[in-house]
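Report on one structure; see the data block that follows.
All heavy atoms count here, side chains included; hydrogens, waters and symmetry mates do not. Labels below follow one simple rule: chain letters A, B, ... track the order of the sequence lines, proteins then strands, and each chain is numbered from 1. What you see is a predicted model, and the numbers here were worked out from it, not measured in a lab.
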Amino acid sequence: MKSMNYFIIIACVALLYSCASVPSPELINARQAYQQASMGQAAQLVPAELHKAQLALAIAEKAYQDDPNSFRARDLAYIADRKAKMAEALATTSVGNAATAKANKDYQATQSEIVKNTKEDLATSERNNALKTEQIAVEKRAGFDAEERLMNQQADADAEAQRVKESTDIEARNVKGLAEAEARRVKSLSDEEALRLQNTIILLEKGKKVVLRGVNFETNKATLRNESQTILTRAYNALVGNPNVQIEISGHTDNVGSRESNQILSLRRAQAVRNWLVEKGITSNRMKAVGKGQNEPISSNETDAGRAENRRIEFFVQQ
Amino acid sequence: MKQVNMIMLAGSVLFAAMIAGCGSTPVLNKEASTSAIRVAEESGASTVPSASLYLQLAKEGLENAKALSTRDDKNDKERAESMLLRAQADAELAAALSRGDADKKEATEAIERVRQLRQDNQLPQERK
């Protein structure tokens, strides 16, 4: 019985001791809060605040050791808990501030990037506009050049037409003069000489050329003048007298006028002679008409007389 | 006459001692906690869920301290002082949480502004 009483007394003392050693809820919370804060970002971001919390917890612990059940120990633990939470809250604030600062910096960088891009776009646009303007100017200049060329060509054509007109007038005057001279010459011949001239035979030898002097045309045309009948009649007689002969009738001009127009005119005149002979009865396949233009002059084109000689019809005996 | 003067002197000394005794009575210093509560309210703690609880605790602590300070018990006055410290700690925490919430919102808005700006100008979003 006595030992039983001792046991009860010892148990009560142990129970009281164990009750006294259990920390208050405030102190438990303070310890947990400090542990959480010290393991979080507070240690790096707000070390001073964390240190304050540590000091507050140390004071609370001491107060608890001095008097575990005192209101002062509980209140100090309460305050230590709040200090730890405060450190954590300030760490969160610091993170937010850093994020805001970074975002603001990013915003400014983005604005700078936009300005840079805009400037580049503007520069590109200006370059394109400049190129476009230059291209338009080039096209416009090309248009002006083409127009100028056209005007020059027109002026050249007018000048050429004027020159051709003048040359044909000169030619006409020359032809008229020659005809008149021929007429005068023929008229001055005696009847005997005239008869001899009429009967002169044109010799057609293979490989030789014969100039039919006296074959004249209307100015700048392929129309035979009446005075050409004499020489053409002689040519006809020669062909009739040599039925096996084949000839090439070639037309020639002086160098007045364009080369192309002279080429065409010479051909048409040669064809006119050929047609005349065909109408008279010469077989067409015995004759070939060609235009030589101004390519084969036989005299100088510098003088009226030379040009008159160059304007001619030739027979070339091919066979 | 001389005796009367001595009595008056003694009375004056006694009166002065009484006045001095009244002046040494501990006065509750609520300034710090009251100021902390005002700062918390101005920072918008009452509208921030995580902060409003601590603001409420601070206010209650202040009221309890006031109530305790009216009692004559010296022990109660000490408890009132301690209660004021608790209220101050609560109020400061409420203000800090309120500011943290505002800073977090501001950061979110700043990040959103950047994102929107880049989107409006057809720029690639930066990696996080």
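Across every non-hydrogen atom of A96(B) and T93(A), the tightest pair is O-OG1, 3.9 Å.
Counting non-hydrogen atoms of other residues, nucleotides and ligands closer than 6.0 Å to CZ of R259(A) gives a total of 12 or fewer. Open room surrounds CZ on R72(A); 12 or fewer heavy atoms of other groups in view lie less than 6.0 Å from it. Residue-environment remark: CD (Q35(A)) stays at or below the threshold of 12 foreign heavy atoms within 6.0 Å.
For the atom pair CZ of F71(A) and CE of M83(B), the computed distance is 9.0 Å after rounding to the nearest 0.5 Å. Taking OH of Y107(A) as the start and CD of Q116(B) as the end, the distance is 10.0 Å to the nearest 0.5 Å. For the atom pair CG of D103(B) and OG1 of T92(A), the computed distance is 10.0 Å after rounding to the nearest 0.5 Å. Considering CD of E92(B) and CG of L90(A), their distance stands at 10.0 Å, rounded to 0.5 Å.
Residues from residues 114-147 of chain A that place a non-hydrogen atom less than 4.5 Å from a non-hydrogen atom of chain B comprise I114(A), N117(A), given in numerical order.
Using a 4.5 Å cut-off between heavy atoms, Q88(B) makes no contact with chain A at all. Both the backbone and the side chain of L93(B) come within contact range of chain A, each with at least one heavy atom under 4.5 Å from a heavy atom of that chain. In this structure, the portions of T110(A) lying under 4.5 Å from any heavy atom of chain B include both its backbone and its side chain.
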Donor-acceptor contacts under 3.5 Å from residues 74-89 of chain A side chains, at least two apart:
unit_1, atom_1, unit_2, atom_2, d
R74(A), NH1, N69(A), O, 3.4
D75(A), OD1, R86(B), NH1, 2.6
D75(A), OD2, S82(B), OG, 2.4
Y78(A), OH, R82(A), NH2, 2.6
Y78(A), OH, D90(B), OD1, 3.1
Y78(A), OH, D90(B), OD2, 2.5
D81(A), OD1, K85(A), NZ, 2.9
D81(A), OD2, K85(A), NZ, 3.1
R82(A), NE, D90(B), OD1, 2.4
R82(A), NH2, D90(B), OD1, 3.3
E88(A), OE2, Q36(A), NE2, 3.2

Original post:
Given the rule in the salt bridge (Lys or Arg N to Asp or Glu O under 4.0 Å) test, do E113(A) and R118(B) qualify, once you have shown the distances and angles that lead to the verdict?
Top reply: CA-CA 10 Å; E113(A) 190 178 348; R118(B) 297 190 76 83; 3.4 Å; yes
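Residues N104(A) and R113(B) have side chains in contact (heavy-atom distance under 4.5 Å, counting atoms from C-beta outward).
In terms of heavy-atom pairs under 4.5 Å with chain A, the best-connected choice from T108(B), L97(B), N121(B) is N121(B).
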